[in-house]
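Notes follow the structure.
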2 protein chains.
Amino acid sequence: MSSEVAPPRVSVERPRERADAARNRARVLAAAEKVFAEAGGADGVTMEEIARAAGVGRATLYRRYPDTTSIAQALLDEHESEIQAGILSGPPPLGMGAPPHERLAAFYRALVGLLERHLHLVLGAETGQARYRTGVYAFWRRHVEVLLEQAQAPKELADTLMAPLAPEVYRYQRQVRGLTPEQVAANLEYLSRRVLAGSPAER
Amino acid sequence: MSSEVAPPRVSVERPRERADAARNRARVLAAAEKVFAEAGGADGVTMEEIARAAGVGRATLYRRYPDTTSIAQALLDEHESEIQAGILSGPPPLGMGAPPHERLAAFYRALVGLLERHLHLVLGAETGQARYRTGVYAFWRRHVEVLLEQAQAPKELADTLMAPLAPEVYRYQRQVRGLTPEQVAANLEYLSRRVLAGSPAER
DNA sequence: CACTAAATGGGCGATATGTCCACTTTTGCG
DNA sequence: CGCAAAAGTGGACATATCGCCCATTTAGTG
(Lines give C-alpha, C1' and ligand atoms only; values in the text may rest on other atoms or scores of the structure.)
Protein backbone atom coordinates (compact mmCIF):
# COMPACT_ATOMS: atom_id res chain seq x y z
CA MET A 1 0.00 0.00 0.00
CA SER A 2 1.40 3.44 -0.86
CA SER A 3 0.28 6.72 0.66
CA GLU A 4 0.46 10.00 -1.22
CA VAL A 5 0.72 13.19 0.73
CA ALA A 6 -1.11 12.34 3.92
CA PRO A 7 -4.14 14.57 4.48
CA PRO A 8 -3.70 16.71 7.58
CA ARG A 9 -7.02 15.60 9.06
CA VAL A 10 -7.38 12.67 11.36
CA SER A 11 -7.94 9.34 9.56
CA VAL A 12 -9.37 9.28 6.06
CA GLU A 13 -11.99 11.97 6.64
CA ARG A 14 -15.02 9.80 5.81
CA PRO A 15 -17.95 12.25 5.61
CA ARG A 16 -20.08 10.14 7.96
CA GLU A 17 -23.04 8.15 6.68
CA ARG A 18 -26.35 9.94 6.37
CA ALA A 19 -29.29 8.75 8.44
CA ASP A 20 -31.43 7.70 5.49
CA ALA A 21 -28.49 5.89 3.95
CA ALA A 22 -27.95 3.90 7.13
CA ARG A 23 -31.64 3.08 7.31
CA ASN A 24 -31.66 1.80 3.76
CA ARG A 25 -28.46 -0.15 4.29
CA ALA A 26 -30.13 -1.99 7.13
CA ARG A 27 -33.26 -2.58 5.07
CA VAL A 28 -31.26 -3.96 2.20
CA LEU A 29 -29.26 -6.35 4.35
CA ALA A 30 -32.34 -7.62 6.14
CA ALA A 31 -34.21 -8.14 2.90
CA ALA A 32 -31.22 -9.80 1.24
CA GLU A 33 -30.83 -12.22 4.14
CA LYS A 34 -34.43 -13.30 3.62
CA VAL A 35 -34.15 -13.55 -0.15
CA PHE A 36 -30.99 -15.66 -0.02
CA ALA A 37 -32.58 -17.94 2.55
CA GLU A 38 -35.64 -18.49 0.38
CA ALA A 39 -33.61 -19.09 -2.75
CA GLY A 40 -31.24 -21.41 -0.90
CA GLY A 41 -28.23 -19.75 -2.44
CA ALA A 42 -27.44 -17.20 -5.11
CA ASP A 43 -28.85 -19.11 -8.01
CA GLY A 44 -31.87 -17.13 -9.10
CA VAL A 45 -31.28 -14.10 -6.95
CA THR A 46 -31.16 -10.81 -8.85
CA MET A 47 -30.44 -7.25 -7.83
CA GLU A 48 -33.98 -6.43 -8.88
CA GLU A 49 -35.42 -8.99 -6.49
CA ILE A 50 -33.46 -7.75 -3.51
CA ALA A 51 -34.34 -4.15 -4.32
CA ARG A 52 -38.01 -5.04 -4.48
CA ALA A 53 -37.88 -6.97 -1.21
CA ALA A 54 -36.10 -4.08 0.49
CA GLY A 55 -38.48 -1.52 -0.92
CA VAL A 56 -35.73 0.55 -2.52
CA GLY A 57 -34.76 1.32 -6.08
CA ARG A 58 -32.16 -0.68 -7.95
CA ALA A 59 -29.80 2.28 -8.16
CA THR A 60 -29.73 2.44 -4.37
CA LEU A 61 -28.40 -1.09 -4.36
CA TYR A 62 -25.81 -0.43 -7.03
CA ARG A 63 -24.54 2.54 -5.08
CA ARG A 64 -23.08 0.20 -2.47
CA TYR A 65 -22.90 -3.27 -3.98
CA PRO A 66 -21.85 -4.13 -7.52
CA ASP A 67 -23.64 -7.49 -7.51
CA THR A 68 -25.55 -9.97 -5.38
CA THR A 69 -22.45 -11.84 -4.24
CA SER A 70 -21.03 -8.76 -2.54
CA ILE A 71 -24.27 -8.37 -0.60
CA ALA A 72 -24.03 -11.93 0.64
CA GLN A 73 -20.41 -11.28 1.46
CA ALA A 74 -21.35 -8.29 3.59
CA LEU A 75 -23.82 -10.45 5.50
CA LEU A 76 -21.20 -13.12 6.06
CA ASP A 77 -18.41 -10.84 7.18
CA GLU A 78 -19.66 -10.61 10.71
CA HIS A 79 -19.80 -14.36 11.23
CA GLU A 80 -16.47 -14.98 9.58
CA SER A 81 -14.84 -12.36 11.76
CA GLU A 82 -15.83 -14.29 14.85
CA ILE A 83 -13.94 -17.32 13.65
CA GLN A 84 -10.96 -15.21 12.69
CA ALA A 85 -10.91 -13.78 16.19
CA GLY A 86 -11.13 -17.28 17.64
CA ILE A 87 -8.10 -18.33 15.63
CA LEU A 88 -6.02 -15.30 16.45
CA SER A 89 -6.80 -14.80 20.10
CA GLY A 90 -9.30 -17.39 21.29
CA PRO A 91 -8.66 -20.41 23.53
CA PRO A 92 -7.31 -23.70 22.15
CA PRO A 93 -7.88 -25.87 20.28
CA LEU A 94 -9.04 -23.24 17.76
CA GLY A 95 -6.64 -20.68 19.12
CA MET A 96 -2.96 -21.17 19.82
CA GLY A 97 -1.76 -23.80 22.24
CA ALA A 98 -3.03 -27.06 20.80
CA PRO A 99 -1.07 -29.35 18.47
CA PRO A 100 -1.51 -28.56 14.76
CA HIS A 101 -3.81 -31.46 13.90
CA GLU A 102 -6.16 -30.51 16.71
CA ARG A 103 -6.15 -26.89 15.67
CA LEU A 104 -6.96 -27.91 12.11
CA ALA A 105 -9.78 -30.13 13.32
CA ALA A 106 -11.14 -27.27 15.41
CA PHE A 107 -10.93 -24.96 12.43
CA TYR A 108 -12.82 -27.50 10.34
CA ARG A 109 -15.47 -27.76 13.05
CA ALA A 110 -15.87 -24.00 13.22
CA LEU A 111 -16.31 -23.69 9.48
CA VAL A 112 -18.72 -26.62 9.32
CA GLY A 113 -20.78 -24.78 11.90
CA LEU A 114 -20.72 -21.66 9.78
CA LEU A 115 -21.69 -23.62 6.67
CA GLU A 116 -24.50 -25.32 8.50
CA ARG A 117 -25.97 -22.10 9.84
CA HIS A 118 -25.46 -19.87 6.84
CA LEU A 119 -25.07 -22.15 3.86
CA HIS A 120 -27.34 -20.03 1.71
CA LEU A 121 -25.14 -17.01 2.34
CA VAL A 122 -21.90 -18.83 1.66
CA LEU A 123 -23.39 -20.24 -1.53
CA GLY A 124 -24.39 -16.71 -2.40
CA ALA A 125 -21.00 -15.21 -1.68
CA GLU A 126 -18.34 -17.82 -2.40
CA THR A 127 -19.70 -19.99 -5.18
CA GLY A 128 -17.29 -21.06 -7.88
CA GLN A 129 -14.49 -18.65 -8.70
CA ALA A 130 -15.73 -15.97 -6.32
CA ARG A 131 -14.53 -18.03 -3.37
CA TYR A 132 -10.90 -17.37 -4.13
CA ARG A 133 -11.36 -13.66 -4.62
CA THR A 134 -12.72 -13.00 -1.14
CA GLY A 135 -10.24 -11.68 1.33
CA VAL A 136 -11.27 -14.18 3.93
CA TYR A 137 -10.11 -17.12 1.83
CA ALA A 138 -6.56 -15.81 2.00
CA PHE A 139 -6.82 -15.73 5.77
CA TRP A 140 -8.12 -19.29 6.08
CA ARG A 141 -5.46 -20.41 3.65
CA ARG A 142 -2.63 -18.78 5.54
CA HIS A 143 -3.81 -20.27 8.80
CA VAL A 144 -3.77 -23.77 7.34
CA GLU A 145 -0.39 -23.10 5.81
CA VAL A 146 1.07 -22.24 9.21
CA LEU A 147 -0.40 -25.38 10.74
CA LEU A 148 1.13 -27.46 7.95
CA GLU A 149 4.52 -25.93 8.59
CA GLN A 150 4.27 -26.56 12.30
CA ALA A 151 3.47 -30.19 11.59
CA GLN A 152 6.37 -30.40 9.14
CA ALA A 153 4.05 -31.24 6.29
CA PRO A 154 4.31 -29.56 2.86
CA LYS A 155 2.56 -26.22 3.11
CA GLU A 156 1.47 -26.46 -0.54
CA LEU A 157 -1.31 -28.71 0.74
CA ALA A 158 -3.21 -25.70 2.05
CA ASP A 159 -5.58 -25.36 -0.89
CA THR A 160 -6.09 -29.10 -0.99
CA LEU A 161 -7.12 -29.12 2.65
CA MET A 162 -9.37 -26.10 2.11
CA ALA A 163 -11.17 -27.61 -0.87
CA PRO A 164 -13.64 -29.76 1.13
CA LEU A 165 -14.94 -26.57 2.74
CA ALA A 166 -16.24 -25.18 -0.54
CA PRO A 167 -19.95 -24.56 -0.04
CA GLU A 168 -20.94 -26.74 -2.97
CA VAL A 169 -19.13 -29.70 -1.45
CA TYR A 170 -20.87 -29.18 1.87
CA ARG A 171 -24.24 -28.77 0.20
CA TYR A 172 -23.76 -31.98 -1.74
CA GLN A 173 -22.74 -33.97 1.31
CA ARG A 174 -25.64 -32.66 3.37
CA GLN A 175 -28.48 -32.56 0.88
CA VAL A 176 -27.61 -35.30 -1.57
CA ARG A 177 -25.51 -37.76 0.41
CA GLY A 178 -27.51 -37.18 3.55
CA LEU A 179 -24.60 -36.74 5.96
CA THR A 180 -25.12 -34.90 9.22
CA PRO A 181 -22.97 -31.90 10.12
CA GLU A 182 -21.33 -34.07 12.77
CA GLN A 183 -20.41 -36.70 10.22
CA VAL A 184 -18.88 -34.13 7.92
CA ALA A 185 -16.91 -32.68 10.80
CA ALA A 186 -15.79 -36.15 11.88
CA ASN A 187 -14.53 -36.95 8.39
CA LEU A 188 -12.55 -33.74 8.32
CA GLU A 189 -11.15 -34.45 11.75
CA TYR A 190 -10.01 -37.85 10.48
CA LEU A 191 -8.34 -36.07 7.60
CA SER A 192 -6.62 -33.67 9.98
CA ARG A 193 -5.16 -36.49 12.02
CA ARG A 194 -4.05 -38.47 9.00
CA VAL A 195 -2.32 -35.57 7.33
CA LEU A 196 -0.92 -33.61 10.26
CA ALA A 197 -0.51 -36.03 13.12
CA GLY A 198 2.12 -38.69 13.56
CA SER A 199 5.43 -38.91 11.79
CA PRO A 200 6.48 -35.89 9.76
CA ALA A 201 6.46 -36.13 6.01
CA GLU A 202 9.24 -38.03 4.34
CA ARG A 203 9.69 -36.68 0.87
CA MET B 1 -32.41 -50.19 -15.74
CA SER B 2 -35.92 -51.47 -16.42
CA SER B 3 -37.30 -52.37 -19.85
CA GLU B 4 -40.97 -52.17 -20.73
CA VAL B 5 -42.30 -54.38 -23.50
CA ALA B 6 -39.22 -54.72 -25.62
CA PRO B 7 -39.73 -53.34 -29.13
CA PRO B 8 -39.34 -56.07 -31.76
CA ARG B 9 -36.70 -54.16 -33.65
CA VAL B 10 -33.06 -54.36 -32.82
CA SER B 11 -31.94 -51.81 -30.22
CA VAL B 12 -33.90 -48.66 -29.47
CA GLU B 13 -34.87 -47.87 -33.08
CA ARG B 14 -33.14 -44.49 -33.20
CA PRO B 15 -34.21 -42.97 -36.55
CA ARG B 16 -30.61 -42.31 -37.52
CA GLU B 17 -29.22 -38.79 -37.57
CA ARG B 18 -29.69 -36.80 -40.72
CA ALA B 19 -26.65 -35.71 -42.69
CA ASP B 20 -27.16 -31.98 -42.16
CA ALA B 21 -27.78 -32.52 -38.48
CA ALA B 22 -24.51 -34.38 -38.13
CA ARG B 23 -22.68 -31.67 -40.02
CA ASN B 24 -24.08 -28.97 -37.77
CA ARG B 25 -23.38 -30.96 -34.65
CA ALA B 26 -19.74 -31.13 -35.66
CA ARG B 27 -19.69 -27.42 -36.46
CA VAL B 28 -21.22 -26.56 -33.12
CA LEU B 29 -18.79 -28.67 -31.13
CA ALA B 30 -15.77 -27.32 -33.00
CA ALA B 31 -16.90 -23.74 -32.55
CA ALA B 32 -17.75 -24.29 -28.89
CA GLU B 33 -14.32 -25.76 -28.21
CA LYS B 34 -12.78 -22.61 -29.61
CA VAL B 35 -15.12 -20.27 -27.74
CA PHE B 36 -14.53 -21.96 -24.40
CA ALA B 37 -10.79 -21.88 -24.97
CA GLU B 38 -10.83 -18.16 -25.70
CA ALA B 39 -13.05 -17.37 -22.74
CA GLY B 40 -10.99 -19.60 -20.47
CA GLY B 41 -14.08 -21.18 -18.99
CA ALA B 42 -17.82 -20.70 -19.08
CA ASP B 43 -17.87 -17.27 -17.56
CA GLY B 44 -19.05 -14.99 -20.33
CA VAL B 45 -19.95 -17.69 -22.82
CA THR B 46 -23.50 -17.45 -24.14
CA MET B 47 -25.59 -19.64 -26.39
CA GLU B 48 -25.74 -16.70 -28.78
CA GLU B 49 -21.97 -16.50 -29.00
CA ILE B 50 -21.53 -20.20 -29.74
CA ALA B 51 -24.29 -20.08 -32.33
CA ARG B 52 -22.63 -17.14 -34.03
CA ALA B 53 -19.23 -18.81 -33.98
CA ALA B 54 -20.70 -21.99 -35.42
CA GLY B 55 -22.68 -20.14 -38.07
CA VAL B 56 -26.00 -21.65 -37.01
CA GLY B 57 -29.15 -20.24 -35.50
CA ARG B 58 -29.77 -20.29 -31.78
CA ALA B 59 -32.69 -22.67 -32.11
CA THR B 60 -30.37 -25.21 -33.67
CA LEU B 61 -28.33 -25.13 -30.52
CA TYR B 62 -31.30 -25.40 -28.22
CA ARG B 63 -32.52 -28.43 -30.12
CA ARG B 64 -29.68 -30.47 -28.70
CA TYR B 65 -28.29 -28.59 -25.72
CA PRO B 66 -30.28 -26.76 -23.06
CA ASP B 67 -27.36 -24.54 -22.03
CA THR B 68 -23.67 -23.91 -22.47
CA THR B 69 -22.59 -26.30 -19.74
CA SER B 70 -24.10 -29.28 -21.53
CA ILE B 71 -22.11 -28.38 -24.64
CA ALA B 72 -18.90 -28.33 -22.67
CA GLN B 73 -19.96 -31.60 -21.09
CA ALA B 74 -20.37 -33.18 -24.50
CA LEU B 75 -16.88 -32.09 -25.44
CA LEU B 76 -15.47 -33.53 -22.24
CA ASP B 77 -17.23 -36.87 -22.39
CA GLU B 78 -14.71 -38.35 -24.76
CA HIS B 79 -11.72 -37.56 -22.60
CA GLU B 80 -13.40 -38.61 -19.41
CA SER B 81 -14.34 -41.92 -20.95
CA GLU B 82 -10.69 -42.70 -21.54
CA ILE B 83 -9.95 -42.38 -17.86
CA GLN B 84 -12.99 -44.42 -16.94
CA ALA B 85 -11.76 -47.18 -19.24
CA GLY B 86 -8.32 -46.98 -17.67
CA ILE B 87 -9.81 -47.48 -14.22
CA LEU B 88 -12.08 -50.33 -15.22
CA SER B 89 -9.82 -52.33 -17.51
CA GLY B 90 -6.45 -50.63 -17.87
CA PRO B 91 -3.13 -51.67 -16.38
CA PRO B 92 -2.13 -50.77 -12.81
CA PRO B 93 -1.64 -48.51 -11.00
CA LEU B 94 -4.72 -46.80 -12.47
CA GLY B 95 -6.41 -50.12 -13.15
CA MET B 96 -6.77 -53.01 -10.74
CA GLY B 97 -3.77 -54.70 -9.22
CA ALA B 98 -2.02 -51.92 -7.33
CA PRO B 99 -2.54 -51.10 -3.65
CA PRO B 100 -5.33 -48.58 -2.97
CA HIS B 101 -3.13 -45.61 -2.19
CA GLU B 102 -1.23 -46.07 -5.43
CA ARG B 103 -4.44 -46.41 -7.40
CA LEU B 104 -5.75 -43.23 -5.81
CA ALA B 105 -2.54 -41.42 -6.66
CA ALA B 106 -2.76 -42.66 -10.24
CA PHE B 107 -6.35 -41.50 -10.43
CA TYR B 108 -5.33 -38.08 -9.14
CA ARG B 109 -2.56 -37.94 -11.74
CA ALA B 110 -4.95 -38.84 -14.55
CA LEU B 111 -7.44 -36.15 -13.54
CA VAL B 112 -4.73 -33.54 -13.10
CA GLY B 113 -3.71 -34.33 -16.67
CA LEU B 114 -7.28 -33.85 -17.81
CA LEU B 115 -7.57 -30.59 -15.93
CA GLU B 116 -4.30 -29.33 -17.36
CA ARG B 117 -5.23 -30.10 -20.94
CA HIS B 118 -8.90 -29.13 -20.88
CA LEU B 119 -9.33 -26.79 -17.94
CA HIS B 120 -11.49 -24.40 -19.92
CA LEU B 121 -13.89 -27.22 -20.74
CA VAL B 122 -14.07 -28.51 -17.20
CA LEU B 123 -14.65 -25.00 -15.96
CA GLY B 124 -17.40 -24.73 -18.55
CA ALA B 125 -19.03 -28.01 -17.65
CA GLU B 126 -18.51 -28.64 -13.97
CA THR B 127 -18.33 -25.26 -12.31
CA GLY B 128 -20.10 -24.86 -8.99
CA GLN B 129 -23.21 -26.93 -8.46
CA ALA B 130 -23.15 -28.42 -11.96
CA ARG B 131 -20.20 -30.60 -11.02
CA TYR B 132 -22.30 -32.84 -8.81
CA ARG B 133 -25.05 -33.26 -11.35
CA THR B 134 -22.84 -34.77 -14.03
CA GLY B 135 -22.98 -38.52 -14.34
CA VAL B 136 -19.23 -38.78 -14.35
CA TYR B 137 -18.89 -37.37 -10.83
CA ALA B 138 -20.84 -40.33 -9.49
CA PHE B 139 -18.39 -42.63 -11.21
CA TRP B 140 -15.29 -40.92 -9.82
CA ARG B 141 -16.91 -40.85 -6.42
CA ARG B 142 -17.74 -44.54 -6.42
CA HIS B 143 -14.23 -45.41 -7.50
CA VAL B 144 -12.72 -43.50 -4.60
CA GLU B 145 -15.25 -45.06 -2.26
CA VAL B 146 -14.13 -48.54 -3.25
CA LEU B 147 -10.50 -47.63 -2.73
CA LEU B 148 -11.32 -46.29 0.72
CA GLU B 149 -13.06 -49.51 1.65
CA GLN B 150 -10.15 -51.58 0.43
CA ALA B 151 -7.82 -49.52 2.58
CA GLN B 152 -10.18 -49.88 5.53
CA ALA B 153 -10.70 -46.15 5.73
CA PRO B 154 -14.13 -44.55 6.16
CA LYS B 155 -15.75 -44.44 2.75
CA GLU B 156 -17.56 -41.21 3.63
CA LEU B 157 -14.29 -39.48 2.85
CA ALA B 158 -14.95 -39.88 -0.87
CA ASP B 159 -16.33 -36.39 -1.43
CA THR B 160 -13.63 -34.88 0.73
CA LEU B 161 -10.94 -36.54 -1.37
CA MET B 162 -12.67 -35.49 -4.58
CA ALA B 163 -12.96 -31.86 -3.56
CA PRO B 164 -9.40 -30.81 -4.51
CA LEU B 165 -10.17 -31.87 -8.09
CA ALA B 166 -12.83 -29.21 -8.53
CA PRO B 167 -11.79 -27.13 -11.53
CA GLU B 168 -11.83 -23.89 -9.56
CA VAL B 169 -9.35 -25.30 -7.07
CA TYR B 170 -7.04 -26.41 -9.85
CA ARG B 171 -7.32 -23.09 -11.61
CA TYR B 172 -6.48 -21.24 -8.42
CA GLN B 173 -3.45 -23.37 -7.68
CA ARG B 174 -2.12 -23.08 -11.21
CA GLN B 175 -2.89 -19.49 -12.11
CA VAL B 176 -2.85 -17.71 -8.78
CA ARG B 177 -0.51 -19.78 -6.62
CA GLY B 178 1.73 -20.61 -9.53
CA LEU B 179 2.06 -24.34 -8.89
CA THR B 180 3.03 -26.64 -11.73
CA PRO B 181 0.83 -29.59 -12.67
CA GLU B 182 3.53 -31.85 -11.26
CA GLN B 183 3.45 -30.08 -7.92
CA VAL B 184 -0.32 -30.36 -7.72
CA ALA B 185 -0.12 -34.05 -8.55
CA ALA B 186 2.64 -34.53 -5.99
CA ASN B 187 0.57 -32.91 -3.27
CA LEU B 188 -2.35 -35.16 -4.07
CA GLU B 189 -0.10 -38.19 -4.06
CA TYR B 190 1.10 -37.20 -0.61
CA LEU B 191 -2.52 -36.97 0.45
CA SER B 192 -3.22 -40.43 -0.98
CA ARG B 193 -0.41 -41.96 1.01
CA ARG B 194 -1.32 -40.19 4.23
CA VAL B 195 -4.97 -41.16 4.09
CA LEU B 196 -4.89 -44.60 2.52
CA ALA B 197 -1.50 -46.09 3.21
CA GLY B 198 -0.23 -47.48 6.47
CA SER B 199 -2.25 -48.53 9.46
CA PRO B 200 -6.00 -48.80 9.00
CA ALA B 201 -8.20 -46.22 10.64
CA GLU B 202 -8.79 -46.51 14.33
CA ARG B 203 -12.13 -44.94 15.08
C1' DC C 1 -34.48 28.92 7.57
C1' DA C 2 -32.06 28.53 3.41
C1' DC C 3 -28.47 26.18 1.05
C1' DT C 4 -25.30 22.38 -0.47
C1' DA C 5 -24.29 17.87 -1.29
C1' DA C 6 -25.53 13.25 -0.66
C1' DA C 7 -28.95 9.92 -1.67
C1' DT C 8 -32.75 8.08 -4.10
C1' DG C 9 -35.57 5.69 -7.63
C1' DG C 10 -37.70 5.46 -12.02
C1' DG C 11 -36.58 5.13 -16.73
C1' DC C 12 -33.55 3.77 -20.86
C1' DG C 13 -30.75 1.12 -24.07
C1' DA C 14 -28.33 -3.07 -24.52
C1' DT C 15 -27.92 -8.00 -24.19
C1' DA C 16 -29.35 -12.86 -23.29
C1' DT C 17 -32.89 -16.14 -22.81
C1' DG C 18 -36.12 -19.59 -24.39
C1' DT C 19 -39.97 -20.49 -27.54
C1' DC C 20 -42.49 -20.35 -31.72
C1' DC C 21 -43.26 -21.00 -36.53
C1' DA C 22 -42.69 -20.58 -41.49
C1' DC C 23 -39.38 -22.28 -44.64
C1' DT C 24 -35.74 -25.69 -46.35
C1' DT C 25 -33.39 -30.07 -46.69
C1' DT C 26 -33.03 -34.94 -46.29
C1' DT C 27 -34.80 -39.41 -46.48
C1' DG C 28 -37.84 -43.24 -47.51
C1' DC C 29 -40.92 -45.11 -50.83
C1' DG C 30 -43.90 -45.91 -54.77
C1' DC D 1 -36.91 -40.61 -60.55
C1' DG D 2 -39.99 -37.73 -58.28
C1' DC D 3 -42.83 -36.81 -54.27
C1' DA D 4 -44.58 -36.41 -49.60
C1' DA D 5 -43.60 -36.79 -44.76
C1' DA D 6 -40.55 -35.83 -41.34
C1' DA D 7 -36.61 -33.77 -39.44
C1' DG D 8 -33.97 -29.79 -39.19
C1' DT D 9 -33.08 -24.87 -39.45
C1' DG D 10 -32.87 -19.93 -38.41
C1' DG D 11 -34.84 -15.57 -37.63
C1' DA D 12 -38.35 -13.16 -34.92
C1' DC D 13 -40.75 -12.28 -30.59
C1' DA D 14 -41.81 -11.62 -25.78
C1' DT D 15 -39.58 -11.37 -21.44
C1' DA D 16 -36.08 -10.39 -18.01
C1' DT D 17 -31.89 -8.49 -16.09
C1' DC D 18 -28.23 -5.49 -16.26
C1' DG D 19 -25.78 -1.22 -15.47
C1' DC D 20 -26.19 3.66 -15.97
C1' DC D 21 -28.06 8.28 -16.18
C1' DC D 22 -30.36 12.16 -14.24
C1' DA D 23 -34.19 14.80 -12.34
C1' DT D 24 -35.98 15.06 -7.78
C1' DT D 25 -35.98 14.52 -2.83
C1' DT D 26 -33.92 14.60 1.69
C1' DA D 27 -30.53 15.16 5.40
C1' DG D 28 -27.19 17.93 7.62
C1' DT D 29 -24.91 22.81 8.21
C1' DG D 30 -24.17 27.70 9.19
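Each chain gets a letter, A, B and so on, in the order the sequences are listed, and its residues count up from 1.
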Contact state string [nucleotides 25-30 of chain D, B base, S sugar-phosphate only, - no protein heavy atom under 4.0 Å]: -BSS--
B:Lys34 vs B:Glu38, test: salt bridge (Lys or Arg N to Asp or Glu O under 4.0 Å). Steps then yes/no. CA-CA 6 Å; B:Lys34 208 170 299 179; B:Glu38 282 165 10; over 6 Å; no
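- A distance-only check finds no donor-acceptor pair linking the side chain of A:Asn187 to the backbone of A:Tyr190 [under 3.5 Å].
- Listed in residue order, the members of residues 57-65 of chain B having a heavy atom less than 4.0 Å from DNA chain C are B:Arg58, B:Ala59, B:Tyr62.
- Between the side chains of A:His120 and A:Glu33, at least one donor N or O lies within less than 3.5 Å of an accepting N or O.
- With respect to the salt-bridge test (charged N to carboxylate O, under 4.0 angstrom), the residues B:Glu156 and A:Arg177 do not qualify.
- Residues from residues 29-52 of chain B placing a heavy atom under 4.0 Å of any atom in DNA chain D do not occur.
- Note on A:Arg52 versus A:Glu49: no salt bridge recorded, every NZ/NE/NH1/NH2 to OD/OE distance being 4.0 Å or above.
- The shortest non-hydrogen separation linking B:Leu148 to B:Ala158 is CD1-N, 3.4 Å.
- Smallest separation of non-hydrogen atoms from B:Glu80 and B:Leu114: CG-CD2, 3.9 Å.
- Between A:Arg171 and A:Glu168 there is no salt bridge, since no side-chain nitrogen of the basic residue lies less than 4.0 Å from a carboxylate oxygen of the acidic one.
- Residues A:Thr68 and A:Phe36 meet the side-chain proximity criterion, which asks for heavy atoms closer than 4.5 Å.
- Taking side-chain N and O atoms only, A:Asn24 has a distance below 4.0 Å to OP1 or OP2 of C:dT8.
- Taken from CZ in B:Arg133 to CD in B:Gln73, the straight-line distance is 12.5 Å, to the nearest 0.5 Å.
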